[in-house]
Amino acid sequence: MQIILAIAAMLMSIPAMNALVVLNENMTLPSIFSELERWMREAEEQAQSSVSILLGNQGIGSLIVNILIVGVLAGFSEELFFRGALQRILLSCKINPHGAIWITAIVFSAFHLQFFGFFPRLILGAYFGYLFYWSKSLWLPIILHVFNNSLVVFTLWYKKLTGIPESETINHLGVDSPMQVITSIILTAFLLKCLFRYSMVSKDDAKNNIVNND
């Protein structure tokens, strides 16, 4: 149930996240930081170019390999490092759980060196952090991270294969529709609340089982 609710919340958040992506991409720094902005945009272009090269082949074999590398391997290894190690270390230092989650999310987003996608990735990192904190299991954020990366890989592959315009992909949902964004936020918040409550009930049940067994 936790996996179902977590995936549903991620899917419902797509329009709102797409709108945030557009806002982040259109951000500009004050003129005094023009050189910094130029460097940031060059780093962003290099990262996007690397992704395009990696996902360039349109064959089904390439799709499977990219899902295994970008989806499974990257999702698994990043969760082991950021949530499994860094977030746990911060929590062991008696840092407030919310602080540990958001600090880890900031490092996670900055690690990718894609500054004009920083805030969407920050929210995503925080989501994975809360999934780990609520469920007490690293498997839940790993599964969601793998699902998210694999969905991105499949969307880019399908777009190149069919040649469909960007406006007809899920990456465009919510970009031109404030109502879609508002609906997305409401539904995502509702599903997150359900996920949180279910996680708390699961913890209480586990504690009761331990007490009864004792």
Side-chain angles (χ1 to χ4, degrees), residues 3-28 37 40-79 108-109 111-128 131 141-192:
I3 294 173
I4 293 172
L5 288 171
I7 290 177
M10 176 174 283
L11 292 175
M12 288 300 103
S13 72
I14 288 175
M17 291 293 283
N18 287 344
L20 183 59
V21 167
V22 172
L23 286 174
N24 199 164
E25 288 177 346
N26 292 330
M27 286 179 58
T28 56
E37 182 176 346
M40 291 167 62
R41 292 197 180 278
E42 288 178 353
E44 184 81 15
E45 290 172 0
Q46 289 176 358
Q48 292 180 355
S49 177
S50 299
V51 171
S52 297
I53 293 172
L54 180 63
L55 306 179
N57 197 311
Q58 297 176 358
I60 188 68
S62 176
L63 172 64
I64 294 173
V65 170
N66 287 329
I67 285 178
L68 289 175
I69 296 175
V70 180
V72 179
L73 183 59
F76 184 82
S77 59
E78 287 182 4
E79 286 310 303
F108 167 73
S109 187
F111 170 80
H112 289 80
L113 294 178
Q114 291 178 278
F115 303 101
F116 293 96
F118 180 85
F119 291 107
R121 194 171 286 107
L122 170 66
I123 299 298
L124 193 63
Y127 180 51
F128 295 149
L131 289 180
I142 286 175
I143 290 171
L144 267 292
H145 200 147
V146 169
F147 175 79
N148 176 77
N149 287 11
S150 299
L151 182 61
V152 171
V153 169
F154 177 80
T155 301
L156 293 174
W157 175 83
Y158 186 76
K159 177 185 172 184
K160 287 187 176 182
L161 180 67
T162 60
I164 61 175
E166 182 73 16
S167 59
E168 296 182 14
T169 68
I170 61 172
N171 294 333
H172 194 76
L173 288 174
V175 173
D176 298 324
S177 176
M179 185 55 64
Q180 285 185 356
V181 174
I182 293 172
T183 304
S184 171
I185 293 172
I186 293 173
L187 291 176
T188 302
F190 172 75
L191 289 168
L192 289 177

Is Ile170 atom CD1 crowded by more than 12 heavy atoms from other residues, nucleotides or ligands, each under 6.0 Å away?
-> yes

Could you report the tightest heavy-atom contact between [X] and [Y], atom names first, then the distance?
X	Y	answer
Ala6	Tyr127	O-OH, 2.7 Å
Met27	Phe116	O-CE2, 3.4 Å
Thr28	Arg41	CG2-NH2, 4.2 Å
Gly174	Ala19	O-CB, 4.1 Å

With sequence neighbours excluded, residues passing side chain to side chain contact (heavy atoms under 4.5 Å, CB included) with [X]:
X	value
Pro165	Ser167, Glu168
Ser77	none
Thr188	Met12, Ser13, Ser184, Leu192
Val65	Ile69

What I'd like to find out is whether the side chain of [X] reaches to under 4.5 Å of the side chain of [Y], using heavy atoms alone.
X	Y	value
Val181	Met17	no
Trp157	Asn66	no
Ile123	Leu20	yes
Leu161	Leu63	no
Pro120	Leu124	no

Could you tell me which residues satisfy ring-ring contact (aromatic ring centres under 6.0 Å, His included) with Phe190, sequence neighbours excluded, listed by chain and number?
-> none

In chain order, what residues pass the ring-ring contact (aromatic ring centres under 6.0 Å, His included) check against Phe115, with sequence neighbours excluded?
-> Trp39

May I have the list of side-chain donor-acceptor pairs in residues 142-149 shorter than 3.5 Å, sequence neighbours left out?
{"unit_1": "His145", "atom_1": "ND1", "unit_2": "Glu79", "atom_2": "OE2", "d": "2.6"}
{"unit_1": "His145", "atom_1": "NE2", "unit_2": "Glu78", "atom_2": "OE1", "d": "3.2"}
{"unit_1": "Asn149", "atom_1": "ND2", "unit_2": "Val70", "atom_2": "O", "d": "3.0"}

Has the side chain of Ser150 got a donor or acceptor atom that lies under 3.5 Å from a matching backbone atom of Gly71?
-> no

Mark yes or no for whether Asn24, through its side chain, and Phe119, through its backbone, hold a donor-acceptor pair below 3.5 Å.
-> yes

With a cut-off of under 6.0 Å to the ring centre and 45° to the axis, is Arg121 in cation-pi contact with Phe108?
-> no

Distance in Å, Leu151 CG paired with Ile67 CD1, rounded so as to fall on 0.5 Å steps = 9.5 Å

Value for CG (Asn18) from CG (Leu23), rounded to nearest 0.5 Å, stands at 11.0 Å

For residues 142-159, the salt bridge (charged side-chain N to carboxylate O under 4.0 Å, His left out) pairs (sequence neighbours left out) are Lys159-Glu166

Glu25 meets the salt bridge (Lys or Arg N to Asp or Glu O under 4.0 Å) criterion, sequence neighbours left out, with none

